[in-house]
Amino acid sequence: MLTIDFLGAAGTVTGSKYSITYGHRHLLVDCGMFQGEPELVERNRESWPFPARDYDALLLTHAHIDHSGAIPKFVADGFDGPILCTEPTIELCELLLPDSAKIMRLEGDPLFSEEHAQQALQLMEGCRYYKQYEVFPGVGVTFLDAGHILGSAWLELEFDPLPEWPEQRPIRVVFSGDLGRGLSPLLAPPDRPDRADFLILESTYGGRLHSRVSATSQLREAVERVQRRRSTLVIPAFAVQRSQDIAYLFESLGVGNISLYVDSPMAARAIRVFERYPDYLSQKAGQLLNEYDQLLRYPHLRVCETSDQSRAILNFRPPRVIVSASGMAEGGRVLHHLRHHLPDARSLILLAGYQCEGTRGWQLQCGDPYLDIDGRSVPVRAEVESLDGLSGHADYAEITDWLSELERPPLATFLVHGDEESLQAQQHRLSRWGWRVEVPEHRQRFELMARSRD
Ligand SMILES: [Zn+2]
């Protein structure tokens, strides 16, 4: 028996979570939190298809909360096996998981405690790219570079044949995790798979192409605009990866001496994680880091870790650039900057990543004239644009490239991590190639080896 249960990111973009049963043993791939709409968040309390303590291992593609955020819940429910992931993923989880527990406690609706988050971190075992690790007898996993965030991986799982399988050969199952675009200034482009019997493929941008304008030129143009107006550019950005990408790009922009503030304690700590892993960066970024011992070398950069440093930003006159979390403006210090700058028509807001439906970032993207912040209705007079070039997710043309080295089509491809429109577009495209494509429903189970028989 080789079955897969789609426990998350099925028909939606959050909650990535797949339960695999091999013979009588169970393993989980990713254990993400559902985010966004209340009926999705409700799914965070659903039961596991098998008791959590019966799982032998958990494999984690990367540290983002929609892939890792429910791990402490899994641990609270009884899981105590090894969690295999890359070394930077462990360090980023050390920042993200306790923080997520704290936010839930403050919001009064905790799924797990800070102790459970600490227990989960204790179970993590660091793996390197390109080396096969035994998950348990009969199952191996290799982590390959997904180029999405620091330490992100796609997974190659190799299952030895079980006696009842019709074909006595190993079966390879590939989980794409989240795939980067190959354009991050800090990361190497994603490695590509050469063989997959079954493929679980992300489809965040399954129906769309990113603009081909480079992030560098878009960012330079935005900075020049606020320089001319002597105003403020606010970039809501994820504290991990996007904030570092942006700050790293500034050195090469040639925009004079405009002040750049990275205002996020999490981003500040994440910079130090990046600096410990030159081997996980793009060749150029890794070389520069080894040479200068410092990742971000723009001379007018101020990283604001304390709240005093954060408050001081407004004491300095514009023009200025403020990069602050959270990336979808759902919380964090960026709210304070938005409240201050949205009513000013000279300000520019640059949204720097995927904006989930229902979030403040999404409302801004849609052109809402008012934004609710801390119970106050703030008028949106500032210009709002999207910085497309730094998206962490490959678009459909980039996914096509990623698939281009496969020797032959997989026996079946399962599309996950996309909204309905993206999933359908991707299904349509792959079906035209003659591929067998499934769009799993939430909690749908598939028997993989039954598929290869017909
Ligand atoms: Zn991700």
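Just follow the structure's listing: the first ligand is 1, and inside any ligand the first atom is 1. All values below were derived from every heavy atom in this structure, side-chain atoms included, with hydrogens, water molecules and symmetry-related copies excluded. These figures come from a predicted structure and were not determined experimentally.
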Ring centroid separation His337 to Tyr261 under 6.0 Å: no
- request: Output, in order, the C-alpha distance, side-chain angles, deciding distance and verdict of ring pair (Phe, Tyr, Trp, His ring centres under 6.0 Å) for Phe198 and Phe446.
  value: CA-CA 11 Å; Phe198 297 95; Phe446 291 85; over 10 Å; no
- request: Look at atom CD of Glu420 and say whether more than 12 heavy atoms of other residues, nucleotides or ligands are closer to it than 6.0 Å.
  value: no
His341-Ser347 side chain donor-acceptor pair, cut-off 3.5 Å: no
- line: Protein-derived N, O or S atoms sitting under 2.8 Å away from the Zn ion (ligand 1) total 4
- request: Using side-chain hydrogen bond (donor to acceptor under 3.5 Å, both in side chains) as the criterion, list what pairs up with Gln427, not counting sequence neighbours.
  value: none
Any donor-acceptor N/O pair, Asp30 side chain to Gly32 backbone, under 3.5 Å: no
